[in-house]
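In what follows, a single structure is set out as structure tokens and then discussed.
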Amino acid sequence: MMRLRIIIMLLMILVAVLSFSSQALADTLELPGIPTSDEPGDVGSTITILVLLTLLSLAPSIVILMTSFTRIVIVLGFVRTALATQQMPPNQVLIGLALFMTLFIMAPTITEINETALQPFLAGEIEQQEAIDLSILPMKKFMAKHTREKDLLLFLNYSKAERPTSYADIPLTTLVPAFAISELKTAFQMGFMIFIPFLVIDMVVSSVLMAMGMMMLPPVMISLPFKILLFILVDGWYLVVKSLLFSYGT
């Protein structure tokens, strides 16, 4: 009870400090680029800033759902679960590896976006809207290549949209969820194949312990070293990463 009161008091002090600080900053500083008048141009600038802040907050979701990150991090999670090593490797290591592998796999797409959209826009050769449209095309090409037709038709039929003639005609609101569930299915298929050899080891160890009458000894305790040994002997991390890379084509 005393600990709860201390936490409540700390929260009240923190809120008071933040309120005082924000009020003091508002009185002494004038934030640049955020107009407060009712002029149409100023209102448009304010809306643009709000849209940009919204896009920044959605950036993690965009990275997860529109790139190879989903498949990679799920497969790596299956590897850790199949090994039954609890928190080894830690989540930070798995997510960091997934991020760098995502950058490696998405490098051709990112390069195409840079050459066709970003650099011409920075050079003043194209307008902002044209740059956005050109940057979306490589992402659509990547997602459409790795999206199953069945998943894409599910969302097209639900929205009662016409069948597109090319990947450029597929709306993002349809392509992104279709790509996401395709990635989930592929990741779970790869995870199932990873689980099989470790499941065999668990079954063999359990059978041996039952035959020896050691029913009170947890099979996981005995099978864990054999799983790790098998994973090391076959160079498991190399095979897993290789399978992930080749699943997106050479």
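- No continuous path of ILVMFWY side-chain contacts below 4.5 Å connects Leu65 to Phe155, so the two sit in separate hydrophobic clusters.
- Under the side-chain hydrogen bond (donor to acceptor under 3.5 Å, both in side chains) criterion, Glu149 pairs with no residue, sequence neighbours left out.
- Residue pairs meeting the salt bridge (Lys or Arg N to Asp or Glu O under 4.0 Å) criterion with at least one partner in residues 181-195, sequence neighbours excluded, are Arg71-Glu183.
- For Thr109, there are no side-chain hydrogen bond (donor to acceptor under 3.5 Å, both in side chains) partners at least two apart in sequence or on another chain.
- Among all heavy-atom pairs drawn from Val234 and Leu239, the shortest one is O-CD1, 3.2 Å.
- Applying the side-chain contact (heavy atoms from CB on, under 4.5 Å) test to Leu229 and every residue at least two apart in sequence or in another chain returns Leu233.
- For the atom pair CZ of Arg148 and CG of Leu154, the computed distance is 13.0 Å after rounding to the nearest 0.5 Å.
- For Lys227, the salt bridge (charged side-chain N to carboxylate O under 4.0 Å, His left out) criterion is met by Asp202, not counting sequence neighbours.
- In this structure, the ring pair (Phe, Tyr, Trp, His ring centres under 6.0 Å) partners of Phe188, at least two apart in sequence or on a different chain, are Phe78.
- Residues passing the side-chain contact (heavy atoms from CB on, under 4.5 Å) test with Ser166 are Ala168, Asp169, sequence neighbours excluded.
- Ser182 meets the side-chain hydrogen bond (donor to acceptor under 3.5 Å, both in side chains) test with Asp151; sequence neighbours excluded.
- Annotation: salt bridge (Lys or Arg N to Asp or Glu O under 4.0 Å) contacts involving residues 88-106, sequence neighbours excluded, are absent.
- The line from CG of Leu230 to CD1 of Ile201 is 4.5 Å long, rounded to the nearest 0.5 Å.
- In this view, Ile136 and Ile132, Lys140, Leu172 satisfy the side-chain contact (heavy atoms from CB on, under 4.5 Å) rule, not counting sequence neighbours.
- For the salt bridge (Lys or Arg N to Asp or Glu O under 4.0 Å) condition, no pair includes a residue of residues 97-123, sequence neighbours left out.
- For Pro89, the side-chain contact (heavy atoms from CB on, under 4.5 Å) test picks out Arg80, Val93, Leu94, Trp237, with sequence neighbours left out.
- One finds the CD1 atom of Ile105 at 7.0 Å from the CZ atom of Phe142 (value rounded to the nearest 0.5 Å).
- A distance below 6.0 Å separates the ring centres of His146 and Tyr248.
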